[in-house]
Asks: 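I'd like to ask some things about the structure below.
What's counted below: heavy atoms across the whole structure, side chains too, no hydrogens, waters or symmetry copies. The sequence lines fix the lettering, A, B, ..., with proteins before strands; numbering per chain opens at 1. Everything quoted here is computed from the prediction, not taken from an experiment.
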Amino acid sequence: MQEAIGRAGTPINGGSAQSGSRVMVEARAVSKHFGSGEQVVKALDAVSVGIREGEFFTLLGPSGCGKTTLLRLIAGFEHPTAGAILLDGADISGLPPFRRPVNTVFQSYALFPHLTVAENIGFGLEMLGRPKAEIAETVAEMLQMVRMEAMRDRQTSQLSGGQQQRVALARALAPRPKVLLLDEPLSALDLKLRKEMQVELKRLQTETGITFVFVTHDQGEALAMSDRIAVMSEGNVLQVGSPTEIYEHPADHFVASFIGETNFLTAAVEGVDGGQVRLRLGGTLEVRAGLPDGMAPGPSVTVVVRPEHLRIADRDAGEGLPATVSDVVYLGTDTHYHLRLAGGEELFARVQNRPEGGEAWRVGDAVSAGFPPAAVRVLRD
Amino acid sequence: MAGPAAPALAPARTGETAARAARIRRNWLLATPALVLLLLAASGPLLVVVVYSVLEPGEYSGVVWELSGEGWFRVLFHRDIFDDTLSLADAHLTIFWRSASISLLTTAITLVLGFPTAYFIATRPPTQRMLWLFLVTIPFWTNLLIRTFAIMEVIRNEGILNSWAMKLGLIQAPIQILYTDTAVLIGMVYVYLPLMVLPLYAAMERLDFRLVEAAYDLYASRWRVLTRVIVPLVRPGIVAGSILVFIPSLGAYVTPRVLGGGKNMMISNLIELQFGEGRNWPLGAALSMTLLAFVMVALLVYVRNMSKVERRG
């Protein structure tokens with residue numbers, strides 16, 4: 001996962017999903033600047049990323065991180081300030097959107113209000129000059145695929161949000177693009193519908209085998225649906241990897257904090273041997289942890305421990321860090337404990353509630369916060 | 001909850017209804033002066049014209065209070081003053097034809113010129129749009145007659161256009177533009193262009209340009225995006241602009257009078273002639289009604305178009 005840092009000129013192919021298949025979309029050191037002079041905004045800063053054929057690839061990051069800009073560059077709505085976009089090996093940077101075999105599902109759906117559902121879905125094929133019979137056949141097929149047969153002749157204004165979403169999907173899939181781009185397509189839907197559509201999208205991707213490039217700021221959505229995720233921030237790709245890699249081996253502080261909840265701790269470096277490092281936490285606890293490739297640690301490093309990996313025990317029974325319970329939040333499936341360490345650092349622990357009840361800690365209890373050595377991840381500086 | 005609350009709510013609602021009724025009454029009252037003025041100013045003269053069109057012409061001017069179909073008859077037919085033989089009123093038909101064709105051409109040309117202009121303005125950043133719209137309306141600051149004389153200055157034989165073209169060696173002798181239908185057309189396009197641009201802009205400003213992107217994405221070339229997405233979506237603006245240009249073009253008086261000289265008349269000039277030198281008020285009135293009929297037909301087309309657009313929602 002460490003080769004994942006996306007900097008100038010180095011195509012990234014982290015992750016394990018479907019390794020060996022060829023690259024369908026490639027961004028080569030792509031920069032995109034908006035404005036000029038003093039007010040120039042660097043939406044993308046020499047980003048390189050490779051998206052493989054047939055994978056569900058997610059661009060994940062907070063708003064303004066450049067994920068939508070990258071998507072629009074692939075679609076052809078924007079043109080790179082520097083670098084190149086390759087589709088299936090060919091440089092498409094100079095092509096207008098209508099010459100790229102790539103379709104987009106827009107955040108606003110952007111269905112044509114003057115056309116019916118079927119006319120919307122058939123629009124792309126009609127523009128490609130396909131024969132009428134073929135268009136009708138594909139439209140019927142698409143309507144069936146998104147389960148909208150009954151809505152065939154409706155005006156799009158008569159559809160609900162979820163239905164419009166399905167039509168937008170069918171319209172973008174009908175010309176069978178090499179790549180389907182999805183720009184936060186689920187953000188306008190309510191929670192229940194969003195969960196349904198996540199499953200639906202995944203199903204469509206598997207059924208059609210088309211490469212999906214999905215843009216979202218919702219890390220849960222990204223983890224649930226993606227084969228691989230590119231985490232972006234401030235115009236850079238920070239890490240590319242499978243959901244497991246991204247969650248369990250975050251490359252840096254930003255990725256660790258953006259994906260899920262986590263605890264950051266400062267650890268003193270006691271010694272390095274090979275890829276391993278001996279660390280001292282809170283002055284007392286010694287742990288061994290793996291180092292990211294090629295990292296030469298200074299006198300101290302930042303480590304992360306996920307809240308679900310923390311184990312709370314009585315102060316005298318445990319071998320962890322001495323702590324005091326500062327807050328308890330009961331959430332049904334889990335209980336969240338906020339702990340304060342002797343040094344004043346805060347820890348957050350998530351404990352799954354068991355049928356037998358088990359131990360429950362109260363605010364003010366003196367406890368010990370422990371974790372298995374494997375839970376400790378060293379971050380790059 | 002519903003039980004005890006219901007009686008308390010009922011009087012409140014009647015109070016609200018009464019207040020709304022009072023508000024509506026007051027609004028009607030406020031609108032009354034304008035409504036009365038409109039009613040008198042629009043229907044009064046119209047009634048006079050309708051009545052005059054079915055009376056006998058007076059000897060020098062005005063009307064004689066005797067019923068006659070002669071005014072209407074002479075809109076289309078000519079009666080020879082010596083032997084009373086009937087023939088089609090060629091002069092009138094020519095004028096009708098010229099009016100209709102110049103108006104249609106004016107509409108078409110302003111549409112072709114106004115469409116890209118409106119598109120340009122609608123695609124500017126919002127802060128700049130007001131400036132561009134302001135520039136479009138500048139010609140309205142000057143009196144129509146003065147603007148028309150300015151056009152005359154440009155196109156006359158010794159005018160800017162001809163003298164420059166001769167200086168540049170494009171032509172050897174001045175081209176006669178003034179006092180031709182072309183001159184009238186140039187003047188009308190100039191005068192009515194803003195009336196086309198403004199409604200077109202209003203429609204395009206509301207256009208969701210993400211739909212344009214979606215069409216590009218779905219393999220539509222620029223031309224197809226225009227014809228298949230932009231034009232259908234801004235159609236209400238196209239229709240409104242066309243009507244706004246076509247109707248006043250049909251009734252144009254000053255422009256054909258000044259730029260067309262005496263000969264190249266349009267309907268309004270013909271009507272004026274009947275009330276003036278022609279001394280045939282009933283014919284003038286009947287011609288006025290004919291013009292009105294043309295306008296009504298145009299408006300009918302417009303209304304039918306709009307309701308079709310609304311039904312499609």
Side-chain angles (χ1 to χ4, degrees), chain A residues 35 68 71-72 74-78 95-116 119-130 135 153-159 164 167-183 185, chain B residues 111 115-116 118-119 122-129 199-242 301-313:
Chain A
T68 298
L71 198 78
R72 291 175 62 81
I74 300 171
F77 300 133
E78 311 280 356
L95 293 183
F98 57 89
R99 295 208 195 289
R100 301 183 182 204
V102 167
N103 290 134
T104 309
V105 177
F106 295 88
Q107 188 171 12
S108 62
Y109 312 142
L111 298 178
F112 301 121
H114 58 297
L115 303 179
T116 65
E119 286 167 342
N120 263 282
I121 296 173
F123 189 87
L125 293 167
E126 199 191 322
M127 292 301 119
L128 286 170
R130 298 286 161 77
I135 296 175
D153 298 313
R154 294 278 183 96
Q155 293 291 320
T156 56
S157 54
Q158 298 169 299
L159 304 180
Q164 289 189 26
V167 176
L169 261 167
R171 184 180 70 174
L173 284 169
R176 290 205 63 82
K178 284 187 173 172
V179 179
L180 185 76
L181 307 174
L182 302 107
D183 184 11
Chain B
L111 181 59
F115 198 93
Y119 188 86
T123 49
R124 289 313 95 193
T127 47
Q128 287 179 24
R129 290 183 203 160
L200 276 178
Y201 164 76
M204 282 185 199
E205 196 227 337
R206 270 176 291 153
L207 179 67
D208 183 353
F209 279 90
R210 290 174 297 189
L211 297 175
V212 174
E213 269 191 357
Y216 273 133
D217 188 62
L218 290 161
Y219 314 107
S221 62
R222 288 175 183 87
W223 174 249
R224 297 283 207 102
V225 169
L226 180 70
T227 55
R228 293 297 309 275
V229 177
I230 299 177
V231 167
L233 289 175
V234 301
R235 214 173 80 140
I238 295 174
V239 175
S242 302
V301 171
Y302 172 66
V303 169
R304 283 194 52 176
N305 247 305
M306 289 315 285
S307 56
K308 212 183 292 171
V309 168
E310 265 156 37
R311 265 203 307 281
R312 295 190 66 149

Asks: Is the shortest side-chain heavy-atom distance between B/E213 and A/F106 below 4.5 Å?
Replies: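 B/E213 vs A/F106: side chains touch.
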Asks: Examine whether an atom of A/E126 lies under 4.5 Å from a heavy atom of chain B, and if so say whether it belongs to the side chain, the backbone or both; otherwise answer neither.
Replies: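 It is both, since atoms from each part get that close.
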Asks: For A/L128, enumerate each residue passing the side chain to side chain contact (heavy atoms under 4.5 Å, CB included) test, keeping only those at least two apart in sequence or located in another chain.
Replies: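 Listed in chain order: A/R130, A/P175, B/Y219.
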Asks: Which atoms of A/F112 come close to chain B, meaning under 4.5 Å heavy atom to heavy atom: side chain ones, backbone ones, both, or neither?
Replies: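 For A/F112, the contact with chain B is made by backbone and side chain together.
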Asks: Please classify the contact between A/L111 and chain B as side chain, backbone, both or neither, with a heavy-atom cut-off of under 4.5 Å.
Replies: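 Just its backbone gets close to chain B.
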Asks: What are the two closest non-hydrogen atoms of A/L115 and B/R228, and how far apart are they?
Replies: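 Residues A/L115 and B/R228, closest heavy atoms: CD2-NH2, 4.4 Å.
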Asks: Start with the C-alpha distance between A/Y109 and B/R210, add both sets of side-chain angles, then the distance that settles side-chain contact (heavy atoms from CB on, under 4.5 Å), and finish with yes or no.
Replies: CA-CA 9 Å; A/Y109 312 142; B/R210 290 174 297 189; over 6 Å; no
Asks: What part of B/L233 gets within 4.5 angstrom of chain A, counting heavy atoms only: side chain, backbone, both, or neither?
Replies: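 Only the side chain of B/L233 comes within 4.5 Å of chain A.
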Asks: Supply the atom-to-atom distance A/R72 CZ to B/D217 CG, rounded to the nearest 0.5 angstrom.
Replies: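 Answer for the CZ-CG pair, A/R72 versus B/D217, is 10.0 Å.
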Asks: Restricting to side chain to side chain contact (heavy atoms under 4.5 Å, CB included), what partner residues turn up for A/R99, sequence neighbours left out?
Replies: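 Per chain and number, A/R99 pairs via side chain to side chain contact (heavy atoms under 4.5 Å, CB included) with A/L95, A/P96.
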